[in-house]
Peer 1: 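The structure under discussion is supplied below as structure tokens; questions concerning it will follow.
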There are 2 protein chains.
Amino acid sequence: MRIGELGERAGFRPKTIRYYEQIGLVPEPARLPNGYRDYEESAIGLLRFVGAAQSIGLTLGEIREVLAFRNRAEQPCEHVLGVIDRHVEGLGERIRALESMRRDLLRLARRSRLVPRRRAAYCHIIQEVGSH
Amino acid sequence: MRIGELGERAGFRPKTIRYYEQIGLVPEPARLPNGYRDYEESAIGLLRFVGAAQSIGLTLGEIREVLAFRNRAEQPCEHVLGVIDRHVEGLGERIRALESMRRDLLRLARRSRLVPRRRAAYCHIIQEVGSH
DNA sequence: GTAGAGGTTCCAGTCGACTGGAAGGTCAAC
DNA sequence: GTTGACCTTCCAGTCGACTGGAACCTCTAC
């Protein structure tokens, strides 16, 4: 299939797919006699993989590393486990921060609606967040 | 105090402080006779506010909006409450996504360590994440 | 044959958040 | 007086993830 169809089905713009190919994230596909890229069905899965990896916070660089192992059909090595551990650690912190933030913002929104004359209350909350 | 000291005490580089001034995030300070910037103590609190707001995910543009209201000592108006609501909503989603991600990664890490010969397990998990 | 959609490469730009570097001034300690 | 740390402005660059646009080709429907 051509690049436009691949993009439609995998959820990426052609420009983005070409960009990914340029930075070596995905392989160059075969070409039709007219020079158009000709993708296999498997390219959809690969791009979906990239999208999923992005959605869990991996950078394109990290995804490329992971794909390198996937493409070689090797089991995760210490390197990939290291990537996972780093993310798990960071995730815990981010979740705690976000939950705290959410609670604060909900409380603030409630207070602001109950006491509309309360002054500078938003700034007060942000400063509490900052002092944790 | 001069910009270097402010940066030390507030946790920002002088370059960054000048950048914030340039984009209108923080006000221009007074100047000494030699042209050096001369900051009041309150500038530390303002920059800490910026840092705290960044840490809960606000963009500089959003922080600037909030500061505009703070500086006028007005109570949060509908606009600021709108910013809060947007963030609360987005936060809930992000927290759920991060928690799901964290669970998946923890499970993956455990499985990978118990069954070190398991092949391409990482890719499998990412694809599960993507299919949620 | 024509028009328009879709494709190609190449090069540069956008966005947001900084950061580097050039060119030069100021100041305090030695 | 000299040196080195710190300051100034200005202009452009970096990073990561794209995206726009120019110039041109290909193909299908009318």
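Chain naming here is simple, since letters A, B, ... match the order of the sequence lines and numbering starts at 1 in each.
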Peer 1: Would you classify Leu60(A) as touching base, sugar-phosphate or nothing, given that sugar-phosphate means primed atoms plus P, OP1 and OP2, and contacts are heavy atoms under 4.0 Å?
Peer 2: sugar-phosphate

Peer 1: Less than 4.5 Å apart, side chain to side chain, heavy atoms only: is that true for Ile17(B) and Arg37(B)?
Peer 2: no

Peer 1: Establish, with yes or no, whether the OP1 or OP2 oxygen of dT8(C) is under 4.0 angstrom from a side-chain nitrogen or oxygen of Asn34(A).
Peer 2: no

Peer 1: Atom CZ of Arg31(B) to atom P of dT8(D): distance rounded to whole Å?
Peer 2: 6 Å

Peer 1: Of Arg2(B) and Gln22(B), whose nearest nucleotide on DNA chain C comes first from the 5' end?
Peer 2: Gln22(B)

Peer 1: Tell me, do Tyr39(A) and Leu47(A) make a side-chain contact under 4.5 Å, heavy atoms counted?
Peer 2: no

Peer 1: So Ile3(A), base contact, sugar-phosphate only, or nothing? Heavy-atom distance under 4.0 Å.
Peer 2: sugar-phosphate

Peer 1: Under 4.0 Å: is that the gap between some side-chain N or O of Arg37(A) and OP1 or OP2 of dT8(C)?
Peer 2: yes

Peer 1: Once you round it to whole Å, what is the distance between C1' of dC7(D) and CE of Met1(B)?
Peer 2: 16 Å

Peer 1: Say whether, by atom type as modelled, one donor and one acceptor occur between the side chain of Asp38(B) and the main chain of Arg31(B) under 3.5 angstrom.
Peer 2: no

Peer 1: Roughly, in whole Å, what's the span from CD1 in Ile23(A) to P in dC15(D)?
Peer 2: 14 Å

Peer 1: Please list, by residue number, the residues of residues 11-21 of chain B whose heavy atoms come closer than 4.0 Å to an atom of DNA chain D; answer none if no residue qualifies.
Peer 2: Lys15(B), Arg18(B)

Peer 1: Using atom CD of Glu5(A) as one end and atom C1' of dG7(C) as the other, report the distance to the nearest whole Å.
Peer 2: 14 Å

Peer 1: Rounded off to whole Å, could you give me the CG-to-P distance for the Leu47(B) and dA17(C) pair?
Peer 2: 15 Å

Peer 1: Distance check needed: dG24(C) C1' versus Tyr36(B) OH, whole Å only.
Peer 2: 11 Å

Peer 1: Checking Arg48(B) side chain against Gly11(B) main chain: does a donor-acceptor pair fall under 3.5 Å?
Peer 2: no

Peer 1: Could you check how far OH of Tyr39(B) sits from C1' of dC6(D), rounded to whole Å?
Peer 2: 14 Å

Peer 1: Measure the distance from CG on Asp38(B) to C1' on dT8(D) and round it to the nearest whole Å.
Peer 2: 15 Å

